[in-house]
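Here the structure is laid out as structure tokens; the discussion comes afterwards.
In what follows, every heavy atom counts, from backbone to side chain, and hydrogens, waters and symmetry copies are set aside.
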Amino acid sequence: MSASSRAALGTTSSRSLTTMMMMVMKTTRFARLLAADVVGKNAAASQRAISLDASSPLVRTRGYVHGRWVRAPQDFPVLDPATGSEIARVADCGPDEAKRAVDAAHEAFRVWKDVTAKERSVLLRKWADLMTAHKDHLAAIVTFESGKPMKEALGEIAYSTSFLDWFSEEARRVYGDVVPSPFKDRKILLLKQPVGVASIITPWNFPSAMITRKVGAALAAGCTVVVKPAEDTPLSALALAELSSQAGIPAGVFNVVPCSRERTPAVGRVLCTDPLVAKISFTGSTATGKVLLKMAADTVKRVSMELGGHAPFIVFDSADVDKAVQGAMASKFRNSGQTCVCSNRFLVQSSIYDSFMAKLGAAMDRELKMGHGSEPETTCGPLINDKAAEKVVHQMEDAVSRGARLVRGGRRLQGSFVAPTLLADVSADMLCMQEETFGPLVPVVRFDTEQEALAIANASRVGLAGYFYSSDMSQIWRVAEALEVGLVGVNEGVMSTAEASFGGVKESGLGREGSKYGVDEYLDVKYVCLGGLSPSG
């Protein structure tokens, strides 16, 4: 694995992380307010509520429209999910602010679409460079508003930056085509042009990366954007707005309208129905995606939807069990299980089932340390809120009531913390096998044949990611082709990268992000027939 890949995965050494944390606390001027104990042997870690200094240049609390910081009639609180304490109050934008942002983006589009690809590339590169320069500050914001451990937050910022880096280069590779004509007096030209204003609606679990993956592609193509960040994590989006301004991104090209959960439906309606919006890109639940699709239908907008997942993780008897355990740990427990590509359903072949369970349980005991994300040793933080914790507990209780055996965890801890939980003897009819978990729950099913495993894995209405471990090359090809998902990890538990496409099948969404295909989502293809030409000779 390259050094850049290790950085993207957040594999910082303990010594360097401790040094970095000291620097973060100094440079961002965070003030320690209190210390308290988090419960339990497996959750032993000190928990601190830390307040952001409002004077820090990256901590912005107003909306960002047409290059200006704008107020709203009221504001809403942003909470540290580890402690429940308020860390900031942010402008609660409504339909009026959303409409002004759309108008600003539409006005800016008239100019931005004609900026040369090279100029757009340079500006995106400057933005990426600024993110790298401020990575510690940005990671700290991610940690305190989402609960993500600092090591993972640094990984997210590296991941976020990689999209601006990648799309800064792709901006200069938006090529059209010259197609051989069947007629001697005509030329066929296919031009690629930006679609216009794009509404970008992003989730809380990757509050920085989900923005840059969409916005990098949009700006590279020549589109302008209005970003509506998740109500739980608006500070990361506003920090990106500050850096976009410092990078020289023109006014109106990048706009941010934060809002509370109560105002989200009204703001979303503007962003999904306004005639000036040409494109919607959304990452979130399948249920919400369906609502937005209906809104987009009346004006026939272009849409990209990255929706829910329910990823299978299959371990065949030819697999290296130790590597499969490592992959399971990486795939399941990133962000405490709160990623759309997290493994949700674990399927292990009978002959290695007991060995896998024993080794996975030992790895959980050894590697998972619960606590506030700012603690250097923390690897497992809180869930985003109480509702998320209640969902995981409900799935646990359902499984145990239906005959699953509790091997590790199984407890709701202080606040929204949930102990990492391992369940054996799980069956396909249990709730955790029917719906996405979004938490640190590992339900393990025993299977006998490849056909049985594939039947269970594909018995879902969604299909985002899937993982399997095998050393049988014939089986690898068969299973990779048979899995009904958009991303397949073969002997690998973490696979997302800017260079590869990202997106699902079935009800997991429409379109692709990242890779060379990510730009295409923001482009129209125009056919130009150049006729009346004199044949040669």
Side-chain angles (χ1 to χ4, degrees), residues 60 63-67 101-102 104-106 108-109 112-113 115 117 119-132 138 142 156-157 159-171 174 194-204 206-230 233-258 271 277-284 302-306 498 502-503 511-515 517-523:
R60 292 289 189 169
Y64 186 70
V65 177
H66 199 59
V102 169
H106 180 67
F109 174 67
W112 183 248
K113 66 183 176 67
V115 171
E119 290 176 277
R120 294 199 298 269
S121 174
V122 169
L123 289 172
L124 285 170
R125 172 70 69 178
K126 287 181 179 178
W127 197 3
D129 290 343
L130 284 168
M131 286 191 68
T132 298
L138 295 170
V142 169
E156 178 178 346
I157 298 305
Y159 185 46
S160 304
T161 305
S162 75
F163 288 111
L164 296 184
D165 181 40
W166 171 260
F167 287 118
S168 73
E169 297 172 349
E170 287 300 291
V174 179
V195 299
V197 176
S199 292
I200 307 295
I201 303 173
T202 57
W204 50 262
F206 284 88
S208 180
M210 294 303 95
I211 293 175
T212 59
R213 187 162 73 186
K214 299 171 186 294
V215 170
L219 269 58
C223 296
T224 56
V225 301
V226 179
V227 176
K228 206 287 299 177
T233 56
L235 299 177
S236 291
L238 296 171
L240 288 174
E242 170 62 29
L243 293 181
S244 77
S245 176
Q246 293 181 26
I249 302 294
V253 171
F254 181 75
N255 306 274
V256 181
V257 284
L271 298 183
V277 173
K279 159 83 179 184
I280 300 167
S281 182
F282 169 73
T283 295
R302 290 274 293 274
V303 295
S304 296
M305 296 276 157
E306 196 266 279
F502 191 102
R512 291 297 181 266
E513 295 184 335
S515 78
Y517 300 107
V519 178
D520 290 342
E521 298 288 333
Y522 298 88
L523 294 168

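By the salt bridge (Lys or Arg N to Asp or Glu O under 4.0 Å) test, E169 is found to be paired with R125, residues two or more places apart in sequence or in another chain being considered. The side-chain contact (heavy atoms from CB on, under 4.5 Å) search around H106 returns R110, V197, L276, not counting sequence neighbours. The ring-ring contact (aromatic ring centres under 6.0 Å, His included) search around F167 returns none, not counting sequence neighbours. Looking at residues two or more places apart in sequence or on another chain, you find a side-chain contact (heavy atoms from CB on, under 4.5 Å) between A278 and V195. Under the ring-ring contact (aromatic ring centres under 6.0 Å, His included) criterion, W127 pairs with F254, not counting sequence neighbours. Residues passing the side-chain contact (heavy atoms from CB on, under 4.5 Å) test with S162 are Y159, A498, sequence neighbours excluded. Residues meeting the salt bridge (Lys or Arg N to Asp or Glu O under 4.0 Å) test with D520, sequence neighbours left out: K192. Residues that satisfy the ring-ring contact (aromatic ring centres under 6.0 Å, His included) test with F502, not counting sequence neighbours, are absent from this structure. E513 pairs by the salt bridge (Lys or Arg N to Asp or Glu O under 4.0 Å) definition with R213, K214, not counting sequence neighbours. With sequence neighbours excluded, the residues forming a ring-ring contact (aromatic ring centres under 6.0 Å, His included) with Y64 are W69, listed by chain and number. Not counting sequence neighbours, the partners of P229 by the side-chain contact (heavy atoms from CB on, under 4.5 Å) test are T202, V227, P234, A237, V256, P258.
One distance of note links CZ of F163 with OG of S208; it measures 10.5 Å at 0.5 Å rounding. Atoms CG and CD1, on L243 and I249 in that order, are 10.5 Å from each other to the nearest 0.5 Å. Distance check, rounded to the nearest 0.5 Å: CD1 of I201 to CD1 of I211 gives 12.0 Å. Atom-to-atom distance recorded for E156:CD and M210:CE is 7.0 Å, nearest 0.5 angstrom. The line from CG of L138 to CG of L235 is 11.5 Å long, rounded to the nearest 0.5 Å. A distance of 11.0 Å separates CG of N255 from CD1 of I200, quoted to the nearest 0.5 Å.
Residue pairs meeting the side-chain hydrogen bond (donor to acceptor under 3.5 Å, both in side chains) criterion with at least one member in residues 244-253, sequence neighbours excluded: E242-Q246.
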**Request:** Verify side-chain contact (heavy atoms from CB on, under 4.5 Å) between W112 and L219, making sure each step is shown before the conclusion.
**Result:** CA-CA 9 Å; W112 183 248; L219 269 58; 4.1 Å; yes

**Prompt:** Under the side-chain contact (heavy atoms from CB on, under 4.5 Å) criterion, do V253 and L123 qualify, and how do the steps go?
**Reply:** CA-CA 12 Å; V253 171; L123 289 172; over 6 Å; no

**Request:** Test side-chain contact (heavy atoms from CB on, under 4.5 Å) on M131 and L240 and set out the steps.
**Result:** CA-CA 8 Å; M131 286 191 68; L240 288 174; 3.7 Å; yes

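The backbone N or O of A220 sits less than 3.5 Å from a side-chain atom of R120, completing a donor-acceptor pair. Although no hydrogens or angles enter the test, the distance criterion places no donor-acceptor pair under 3.5 Å between the side chain of E170 and the main chain of S515.
Contact annotation: the side chain of L271 approaches that of V102 to within less than 4.5 Å [non-hydrogen atoms, C-beta and beyond]. Side-chain contact check for V174 versus P194: every heavy-atom pair is 4.5 Å or farther apart. Here the side chains of V65 and V257 are in contact, with some heavy-atom distance below 4.5 Å.
Counting all heavy atoms, side chain and backbone alike, T161 lies closest to A128 at CG2-O, 3.4 Å. Considering every non-hydrogen atom in both A247 and L130, the closest pair reads N-CD1, 3.5 Å. Residues Y522 and A221 come closest through the heavy atom pair CB-CB, 3.8 Å. Taking every heavy atom of both residues into account, V277 and S199 meet most closely at CG1-OG, 3.4 Å. Closest of all the heavy-atom pairs between G216 and L124 is O-CD1, 3.9 Å. Looking at every heavy atom in both residues, T212 comes nearest to S160 through OG1-O, 3.0 Å.
Between the side chains of S304 and K279, at least one donor N or O sits under 3.5 Å from an acceptor N or O.
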